[in-house]
Number of protein chains: 2
Amino acid sequence: MNSPVLPQPTPTAATGAGRGAGSRLLAARCTASDLLRWAGLASWIGPDSDAVTFALRRVAAHSTLVAEGQPLHSLFAVASGSFKCVQVDREGYEQVLGFGLHGDMLGLDALGEQRHPSSLVALEDSAVAVLPASQLLEAGHHVESLERLLLHAIGVELLHRGDTQYLMSAPGSEVRVARFLLHLAQRQQALGQSTRRLRLRMTRRDIASHLGVAHETVSRALTALAHAGCIAVSQRDIEIVDAAALTAMQRVTRGLPRGRHVDDERMRRPVQRAAA
Amino acid sequence: MNSPVLPQPTPTAATGAGRGAGSRLLAARCTASDLLRWAGLASWIGPDSDAVTFALRRVAAHSTLVAEGQPLHSLFAVASGSFKCVQVDREGYEQVLGFGLHGDMLGLDALGEQRHPSSLVALEDSAVAVLPASQLLEAGHHVESLERLLLHAIGVELLHRGDTQYLMSAPGSEVRVARFLLHLAQRQQALGQSTRRLRLRMTRRDIASHLGVAHETVSRALTALAHAGCIAVSQRDIEIVDAAALTAMQRVTRGLPRGRHVDDERMRRPVQRAAA
DNA sequence: CGAATCTTTGAACTGAGTCAATTAAAGTGG
DNA sequence: CCACTTTAATTGACTCAGTTCAAAGATTCG
């Protein structure tokens, strides 16, 4: 059926001592060292990093890890799989605030009011490390690497939010999608995965919500970018064919303060647009 | 360099007398108690809250407190005045990520890479408390209220970013502006200031950038809202005449303005079991 | 296999961006 | 203090990109 675990492209010598092939997720707990490794901060691992362990929890695809409004009990770190962070308003409109990939910390926005302002939903079968809020500060005082991890995660989260605002500030849909793809590729790169091949775990609707456009527009933008030769699209598998062109496209923003469009019809309009 | 004479010799602390808000007299330093008071967290003030003090620093209108890319030296708390947080991309387009009001913590997004991803620019003559990053953690371990303050500020910042994404997700410009005004009013309320009268410290351009629209559109939306009787506009002074109408307007999101399928389509089944 | 969801494509309508011109305010300097 | 220069704000006209409505493929899942 569903593949339980994706094989690691980068054979980082498993956590600890690899108990059985690919069975790391079956372990009941993980250490701060694991968290650091997932976040790409292996260099911060110190002798104290194994002093604390955290429970692992499986989350089935499409199930809700935390629901909006729920009081803060713990933070989470993505051990495997992926999540979306959403808010739904009274009208039922779903706003996707972001996506959590391997190693990302989830639930940080609950630190303000001690309750979760957004829901966390698994996009696929996933697993998270559970970091009890009460235990965190206490442990952080004794395990320095853990405290640094937390602070780092906070900064990264804020960085992503900034990126998202930048995403949404783009006036053109193709630009937004291009930025989104590049942003995703960049994050995958940080995880040591391919920069060219992207496997989108979220629906077009989720992407659309995240980008602030209609889902049809995402489709159209994707096909337009493909038609322009920037990418190749096959369902949720996307290959970045011409990263340079994509980047160039991503740079087009709203009305430059001054100066003219030096950029011109580089495949300005693939649409057949009322040719009549 | 250091200002030769400080007008008001309110020596150290002055926390007992000062509510911080009133005059713009500036003590050379402030305490954690002050920070908590500014943030509306006076209830957290404990005996240890005066154990640490922080330098105050004046920032002239339009001057840059921190420039994009600058390494992280300290965080800041707004003692008086206001700031905008901006990123400018290679084309020179300025993206406003947010505004910092009295009591807000500034520079948190630098915690990720130990470098400021965005600039902080004073919108008017302002002052900030300087919280050296190195000193912060250390002090936090001993002064509990300070640590809680930091965590709270982080959560609040994340909350604001979420609000901003919600802002920008609105398809209509009037909706965005309405949400922006209500958001601002809400923050002012948290500071104990008027909910009806808003004095915008930022230009229309800044607002436009923050909302992801053209600055002309902000003007138009403002006059439209005024024409609808929701608000009254006089330059940068805005009075919220009909908060209910504004709120109603703010709720209009994409796709369900009129008519048909309002309910059935969104079959919400929010909670599914997460754990195995 | 069929039901439901996801995805793509089409066509028409409209709201917001761009360009442009005018007015208002604020900062500069003699 | 008052010309003068700059920057901010408002308003109008026109065009187009993206939303909306609609419907047909594709994919997943029970």
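The sequence lines fix the lettering, A, B, ..., with proteins before strands; numbering per chain opens at 1. In this text the structure is predicted, and so the values were computed from the model without any measurement. Computed from heavy atoms alone, side chains included, the values below leave out hydrogens, waters and symmetry copies.
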Q. Is any NZ, NE, NH1 or NH2 atom of the basic residue among B/Asp109 and B/Arg161 found under 4.0 Å from an Asp or Glu carboxylate oxygen of the other?
A. yes
**Q.** Whole angstrom value for the distance that separates C1' of D/dA8 from NZ of B/Lys84
**A.** 12 Å
Q. Which residue, B/Arg176, B/Arg179, B/Gln250, forms the side-chain hydrogen bond (donor to acceptor under 3.5 Å, both in side chains) with B/Tyr166?
A. B/Arg179
Short N/O separations, protein against nucleotides 10-14 of chain D, under 3.5 angstrom:
| residue | atom | partner | partner atom | Å |
| --- | --- | --- | --- | --- |
| D/dT10 | OP1 | B/Arg204 | NH1 | 2.9 |
| D/dT10 | OP2 | B/Arg204 | NH1 | 2.5 |
| D/dT10 | OP2 | B/Ser219 | OG | 2.6 |
| D/dG12 | N7 | B/Arg220 | NH1 | 2.9 |
| D/dG12 | O6 | B/Arg220 | NH2 | 3.3 |

Q.
Tell me the interatomic distance from B/His62, atom NE2, to D/dT7, atom P, rounded to whole angstroms.
A. 12 Å
Q. In whole angstroms, how far is the C1' atom of C/dG17 from the CZ atom of B/Arg176?
A. 12 Å
Q: State, to the nearest 10°, the angle formed by the axis through the first five base pairs of the helix from C/dT7-D/dA24 to C/dG30-D/dC1 and the axis through its last five.
A: 50°
(Q) Below 30° counts as parallel, above 60° as perpendicular, anything between as tilted: where do the rings of A/Trp38 and A/His102 land? (A) tilted
Q: With side chain to side chain donor-acceptor pair (under 3.5 Å) as the test, would you mind laying out the steps for B/Ser209 and B/Glu94 before giving the verdict?
A: CA-CA 7 Å; B/Ser209 168; B/Glu94 208 178 61; 5.9 Å; no
**Q.** Atom-to-atom span, CZ of B/Arg205 to P of C/dA25 - whole angstrom
**A.** 18 Å
Q: Check the distance between C/dC6's C1' and A/Glu124's CD and give it to me in whole angstrom.
A: 17 Å
**Q.** Closest contact, heavy atoms only, A/Pro117 versus B/Leu159
**A.** CG-CD1, 3.3 Å
Q) For the pair made of CD in B/Glu174 and C1' in C/dT14, what is the distance, rounded to whole Å? A) 13 Å
Q) Rounded to whole angstrom units, what separation is found between the CD atom of A/Glu94 and the P atom of C/dT5? A) 13 Å
Q: Could you tell me whether A/Arg220 and A/Glu216 have a side-chain N and a carboxylate O separated by less than 4.0 Å?
A: no
**Q.** Where B/Val241 and B/Arg196 come nearest, the two heavy atoms and their spacing
**A.** O-NH2, 3.6 Å
Q. Taking only residues at least two apart or on different chains, which pairs with a member in residues 181-194 of chain B satisfy side chain to side chain donor-acceptor pair (under 3.5 Å)?
A. B/Asp104-B/Arg187, B/Asp163-B/His183
Q | Heavy-atom side-chain contact between B/Leu106 and B/Phe83 under 4.5 Å | A | yes
Q. Are any of B/Ser173's side-chain N or O atoms less than 4.0 Å away from OP1 or OP2 of C/dA16?
A. yes
Q: Indicate, with a heavy-atom threshold strictly under 4.0 Å, whether B/Arg236 touches base, sugar-phosphate, or nothing.
A: sugar-phosphate
Q. Rounded to whole angstroms, how far apart are CZ on B/Arg201 and P on D/dA9?
A. 15 Å
